[in-house]
> 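Dumping the structure here so I can ask a few things about it.
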Amino acid sequence: MTMVFEPDFGTPASEKTQLVTLEIDGNAITVPADTSIMRAALVAGIDIPKLCSTDRLKAFGSCRLCVIQVDGRNGTPSSCTTPVADGMKVSTQSEKLDRIRRGVMELYLSDHPAECATGDECEVHGVAKKIGITTSRYAQGQTHLELKKDESNPYFTFDSTECIVCNRCVRACDEVQGTFALTIENRGFEARVSSSGTSFIESECVSCGACVQACPTGALTEKTLLTIGAPTSSVITTCAYCGVGCSFKAEMRGDQLVRMVPLKDGGANEGHSCVKGRFAYGYATHSDRITKPMIRNSITDPWKEVSWAEAISFAADGLKRIQAESGRNAIGGITSSRCTNEEVYVVQKMVRAAFANNNVDTCARVCHSPTGYGLGQTFGTSAGTQDFESVEHSDVIMLIGANPTSAHPVFASRMKQAIRKGAQLIVIDPRVIALVRTPGVVAAHHLQLMPGTNVAVINALAHVIVTEGLVKRDFVDARCEEKSFKDWEAFISLPENSPEALEESSRVPAQEIRKAARLFASVPNASIYYGLGVTEHSQGSTMVMGIANLAMVTGNIGRKGVGVNPLRGQNNVQGSCDMGSFPHELPGYRHISNPDTRKIYNDMWGVTLDSEPGMRIPNMFDSALAGEYRGLYVQGEDIAQSDPNTSHVHAALRAMDMVIVQDLFLNETSKFAHVFLPGTSFLEKDGTFTNAERRINRVRPVMKSPTGKSEFEVTCDLATAMGYPMSYDNGAQIMDEIAATTPTFSGVSFKKLDELGSVQWPCNDANPEGTPMMHTETFMRGLGQFMRTPYVATDEKANRKFPLLLTTGRVLSQYNVGAQTRRTANNIWHTEDILDLHESDAQMRGIADGSWVKLSSRVGETIMRARITDEVPAGVVYTTFHFPESGANVITTDFSDWATNCPEYKVTAVEIAPSAKGPGAMVETHIEGDTQLDSIVRMANQIAANIPASDAPEIKVAHHIVQFWTKSMIERLHKDVDRSQLSPIVIKAMDVLLVTQ
Amino acid sequence: MRVFVPGDSAAVSIGANDVAAAITRIDPSLVIVRNGSRGALWLETLVEVETDNGRIAYGPVTAESVQSLFDADFLHGGSHPLALGKTDEIKWLASQERVTFARVGVIDPLSIQDYRQHGGLVGLTAALAQSSDSIINEVTESGLRGRGGAGFPAGIKWKTVAQTTSVQKYICCNADEGDSGTFADRMLIEGDPFTLIEGMTIAAIAVGASQGIVYLRSEYPHAIEILQKAIEIARASDWLGNSVLGSVHAFDIQIRIGAGSYVCGEETAMLESIEGKRGVVRAKPPLPAIEGLFGQPTVINNVLTLSTVPMVLAQGAAAYKARGVGRSLGTQVFQLGGNIARGGIIEKSFGITLRELIETYGGGTLSSRPLRAVQIGGPLGAYFSTEQFETSMDYESLIAAGGMLGHGGVVVFDDTVDLAVQAKFAMEFCALESCGKCTPCRIGSTRGAETIDLIIQGVRVDENKKLLLDLCEVMTDGSLCAMGGLTPMPVKSAMVNFPSDFLGATK
């Protein structure tokens, strides 16, 4: 095992295409114009001494070690700040240069420890040796060697005695991260790096690690480097937090992970990181890790540690018994977006082949399923259109329902830098998120809409573009279906879609919408980025289609700087969806009803696949309460905490006879489980994650699994015990099977990934090295399809009993249900879920800042601490769901997206009241009645209200139901539903269904 | 009847306001003009009365002597021990060649009428009738060089900016006059602010800039006040604004106040400061002329450079370049200070000798002790010995003599000066004022002061002198800007010209 070495060229690569030839120390070298002499020299193999320059940052020219001489020019300029020129003759070595370098180095050494805590890591001593001096002739004078260390940050120390004031940390905070937490205090000899006058922990610092990464000395050092020692080997792998999918070098000393260093070559992050990926990996070796399989007969029994063989056979016997008693559809599985593509693929294969049904769903159901539906309908596939780099070419960026500085920090930094370079930002969000106004960034427009009115706003924007003649006709004519455009154009031009008509519901001033629409349509390249604030609504799918319409009508598809870009919440949401985790789709988004697709798998797997869609997660819960669904395999997801309406989820889990949880830790869901199968952390996995830009990144094992088994092995063992033998030697074999059966992945192999670093699907014969940008010539579906997007207000409305709207989100330091981050030092920043509310709402209820409040909705109540802030408007409250104690999902309801059942997490009518005590004290409601039938009625009516159709909507409703509902649900619709509860369109659609069946 | 009592800060600092008040107390009907200083600082407060016979001067006047002036009927040029005769005939002034400073001390600084009567706006009017190229050619042809110290030809700098295609360009006037022993920028702004405004306006028209900024140091509150008023008057007179004197050109000026940092007089640090950032030097390239203020093409010139431009345009390049020697054309505004009998502004054609400046104009030391050293060009300038008194005061000759002209400050020391202490002071000044960006300046200046201290104490003198010279080379060749790059100049010149002060304990 060796260390991965990434050369530092000192200054960033030039973006120029024009080439320049010059001579450096007699060597002719050709490089792009504007390349620095320093970089050109290193390309030619000449390493000019340097301390203040590093290729992630702009040239600065302060250390004066990199001086050179140029024929015909005066002086000794710094090579980092001097660009190449044609015919230039450069000398990097001479007696004069040597004298300057030694002289400068003597000055450094005169105010630097003779030995540094990090040893060879300190570049001062390294460069000193290189230029041939080790000591300084200056007598002992004034120094900074007595300054105190700042150890306030949990992950790194700042030791000013080793600081050489090269400004790399300050510049990294500015140019890479964009937070401006660091500065230089004082001037001259007294100039020192400062976290703006306070300790690091009290400062604006977001602990992204960019400064630590940039520091050439031991001044900013990971604490683990000091406690464990210098790394001796490193492995390139992929972060397991959000959907940005940053590449890291996991640096090891023996079996111990010393630190995670962001990879400059990482396609997604290009050397940047955030506090989670960079530092919050300690959960992987936390003492809470369960490493032995456990079983129990009843959820009230204590757990019993058993052998793998016993656990597997106990689980298999339970599942087989259920199928024998209640039919093969009585069990299913949920795949995890935290797991690798290979692990997910194997679980869905187990469900389809070994369980012999299609009851497989994924946690993407509760986050980005509307993206799949919406982009599938309009563009032809479920994926973001761009790579992350594209944002740097945008003139206008529209950010909808996303808070990247907290949830996708590394991408947020890229976005901030693009904005600082001149891109304009339009924010559509009920909250004043950081990007509305943060150092270096001021949004041109903030459309502060009420939760639940996304579609009203997107329609109003499109209305302005169409009625004010701002349509990009060329693009629409060449790239989109004419009929769909005409139909949509007529629809969107209706007065009911005007900003003025929608102002009352959205609360966004019509003029503001008009200005934003004009700005968006007026620039060469406008892009849209969105998050769960778009999808997690009853009209999530409609909104995604509205976004796609807006991009098409303004011609913003198919080149750099444009596009529609979902910011994926979890590391492998994209991948788990790609891998056929949906009950109606096989890998590569191919519908289960397609016989040609099924044949590929029937032949490969030697089975006959069921042609009917299986159950979605909420269907599973409803069916469980109905007694029809009794066994569930949950891979790495804590549905009992993360899914909405906790009371309903808990009741459903309690009703099941065999719940198998595969996870790192005992969690909320495992409280209802009968089998616990210990999982592996990302540091132990061998596979791939696919990020939000469709980039397939390798996840490489850094350490051994303490469970003795890989996760896919466990899944295969269970399938085998169920009577369908499955086995793979390694992740590469699984990927080969995926490539062999999935056209968009046909060119993917571990070998290729190891060679190229990463590829973005589609990766096949047509695009052997992948596809950074989609739909460049034609859309995946041929011509782009405009879809009608009628605004239908959610049924979840503020009312007298619950007058406020609750919306939910994430903070920077914590992640999702907190299973990982709560087991790290990240707790120092955020130790509980907090309820944000506006001062006027607080005053009206006598709530003080920091006091306990009871938060209640029609489905439950909980207690948390209040924070009075103007980040939310009056009438809207906000919280996170990182902590099981507060259980924010006790409050959220079963309402969901009409097309995909993605829960409406972002809108819940609530009331708050002062509380004497806290936190927690969750009150779940008793679930009674036939929830399955209630859901069927609600879903059918919702589809009828929302289906985009200009005529004969019943046919489209019927088609939708056939495509996504299980057979038994359709049967119940016919058999058990009181027709008076159904809308006329549904009743008509039922007739169509009878005919087609 | 108009009586002139300078409102210049130097005059005010020794009681000019009290003099003015005393005059008003005795005769409230008198119109007192607070003019700029004539620059003969040893004569301040220099009171002038406008008589049929021309302006008659009295000085130095104190509040206590005002009654006696009235008693002597000074309003009609009556004789008095302080009477100096006609101002125009005072030899110290009459022998000068006032071009840049032609109106300073003569006019009411804030009277646009006075300004016009004394040739103001002729240059701008001429410029408005010309093309950009023609204005720039005139300035280039005149030989006018940057008076801030670098001596870069103004016309060439302007041409670089004019050739860029940016929509937004800036004219930045560097009025952060931080060099010790210099005061010409201040006196010009206080005495003839419209000249600066006119020069900036001409520059703006020449290069296509619409916004001007004067970076003025906070230590000059009076200059700030006068310039602000002058800008407001120029706006009200349809000079500054959307249409400069009725033309198609738009130009306006705002003042930005420096916060007391010497290095912010360095042009790139000044740009950072104007942008609201820490005053830290930028690496060049890019040149400010191409990527300057807020990344846009920017003309940066000193107050004196810009204030000379109106004369060049009014009288023509030929008239200007008829003065001076070699490549140092026109006049230089020397500022004579320190231990000198007759300090002040001496504007003369380049080529006057150091001796003439110090002896003829300065009249020797104020202390009457023998003169020993002269520092030319501010705190980073070289120390000259009396043996170098024949040096011609022009850019090239001073460089050849191991010094530099800088901003034209000349500071005189008598024989009590210890040049080793002065050398140490140069390093200490650098340590205090360095922006802290580049290593030679940031650490070198402190090590330099410490090393000179050891030499003074007689510790390993030869070894430390060698180390000091090595350090000087590293600072000269290795520093990012002139601050660190020039600090060795006073140190080395002191060592070379005054070796006896560097013998340590044996001295």
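Throughout, protein chains are lettered first and strands after them, A, B, ... in sequence-line order, and every chain is numbered starting at 1.
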> How far apart are the C-alpha atoms of Glu106(A) and Val474(B), what are their side-chain angles, what is the distance that settles it, and do they pass the side-chain contact (heavy atoms from CB on, under 4.5 Å) test?
CA-CA 10 Å; Glu106(A) 270 190 288; Val474(B) 170; over 6 Å; no
> With chain B, which of Arg192(A), Arg137(A), Arg101(A) has the greatest number of heavy-atom pairs at distances under 4.5 Å?
Arg137(A)
> Should Leu480(B) and Arg64(A) count as side-chain neighbours, where that means a heavy-atom distance under 4.5 Å?
yes
> Is the number of heavy atoms from other residues, nucleotides or ligands under 6.0 Å of Lys96(A) NZ greater than 12?
yes
> Check the surroundings of atom CD in Glu204(A): do more than 12 heavy atoms from other residues, nucleotides or ligands lie under 6.0 Å from it?
no
> What part of Arg278(B) lies closer than 4.5 angstrom to a heavy atom of chain A: side chain, backbone, both or neither?
side chain
> With only heavy atoms counted, which part of Glu185(A) is less than 4.5 Å from chain B, the side chain, the backbone, both or neither?
backbone
> Just give me the residue among Thr81(A), Leu107(A), Leu97(A), Asn186(A) that pairs up with chain B most often, heavy atom to heavy atom, under 4.5 Å.
Leu107(A)
> Taking Glu473(B), Met483(B), Met475(B) one by one, which has the highest count of heavy-atom pairs under 4.5 Å against chain A?
Glu473(B)
> Measure distances from Glu463(B) to the heavy atoms of chain A and classify the residue's part below 4.5 Å as side chain, backbone, both or neither.
neither
> Decide whether Ser110(A) and Arg447(B) meet the rule of one side-chain donor and one side-chain acceptor closer than 3.5 Å.
yes
> Counting only heavy atoms not in Lys159(B) (residues, nucleotides, ligands), do more than 12 fall under 6.0 Å from its NZ?
no
> Using heavy-atom distances under 4.5 Å, tell me whether Arg282(B) contacts chain A through its side chain, its backbone, both, or neither.
neither
> Checking heavy atoms, do the side chain of Leu454(B), its backbone, both or neither come under 4.5 Å from chain A?
side chain
> Would you sort out whether Thr439(B) and Val165(A) count as a side-chain contact (heavy atoms from CB on, under 4.5 Å), showing the intermediate values?
CA-CA 9 Å; Thr439(B) 315; Val165(A) 203; over 6 Å; no
> Ignoring hydrogens, what is the shortest heavy-atom contact between Tyr138(A) and Leu471(B)? Give both atom names and the distance.
OH-CD1, 3.3 Å
> Could you tell me which of Ser78(A), Ala139(A), Cys63(A), Gly75(A) has the largest number of non-hydrogen atom pairs under 4.5 Å with chain B?
Cys63(A)
> Could you check whether any side-chain N or O of Lys437(B) sits under 3.5 Å from a backbone N or O of Asn167(A), counting only pairs where one atom can act as donor and the other as acceptor?
no
> Please classify the contact of Ser479(B) with chain A as side chain, backbone, both or neither, using a heavy-atom distance under 4.5 Å.
backbone
> Pick one of side chain, backbone, both or neither for Asp477(B), based on which atoms fall under 4.5 Å of a heavy atom in chain A.
both
> Can you say whether Leu51(A) sits under 4.5 Å from chain B via the side chain, the backbone, both, or neither, judging by heavy atoms?
neither
> If I take atom CG from residue Asp111(A) and atom CZ from residue Arg442(B), how far apart are they, to the nearest 0.5 angstrom?
7.5 Å
> Look at Thr183(A), Thr82(A), Ile100(A) and state which one has the largest set of heavy-atom pairs under 4.5 Å with chain B.
Ile100(A)
> A quick test of your reading: do over 12 heavy atoms of other residues, nucleotides or ligands sit less than 6.0 Å from NZ of Lys129(A)?
no
> When you look at CZ of Arg420(A), are more than 12 heavy atoms from neighbouring residues, nucleotides or ligands closer to it than 6.0 Å?
yes
> Looking only at atom types and distance, does a side-chain atom of Arg187(A) sit under 3.5 Å from a main-chain N or O of Leu432(B), one as donor and one as acceptor?
yes
> Looking at every heavy atom in both Pro285(B) and Pro83(A), which two are closest together, and how far apart are they?
CG-CD, 3.5 Å
> Non-hydrogen atoms of chain A under 4.5 Å away: do they reach the side chain of Cys441(B), the backbone, both or neither?
neither
> Let me know if Thr446(B) has heavy atoms under 4.5 Å from chain A in its side chain, its backbone, both or neither.
side chain
> Given the options Cys430(B), Gly485(B), Gly478(B), which has more heavy-atom pairs under 4.5 Å with chain A than any of the others?
Gly478(B)
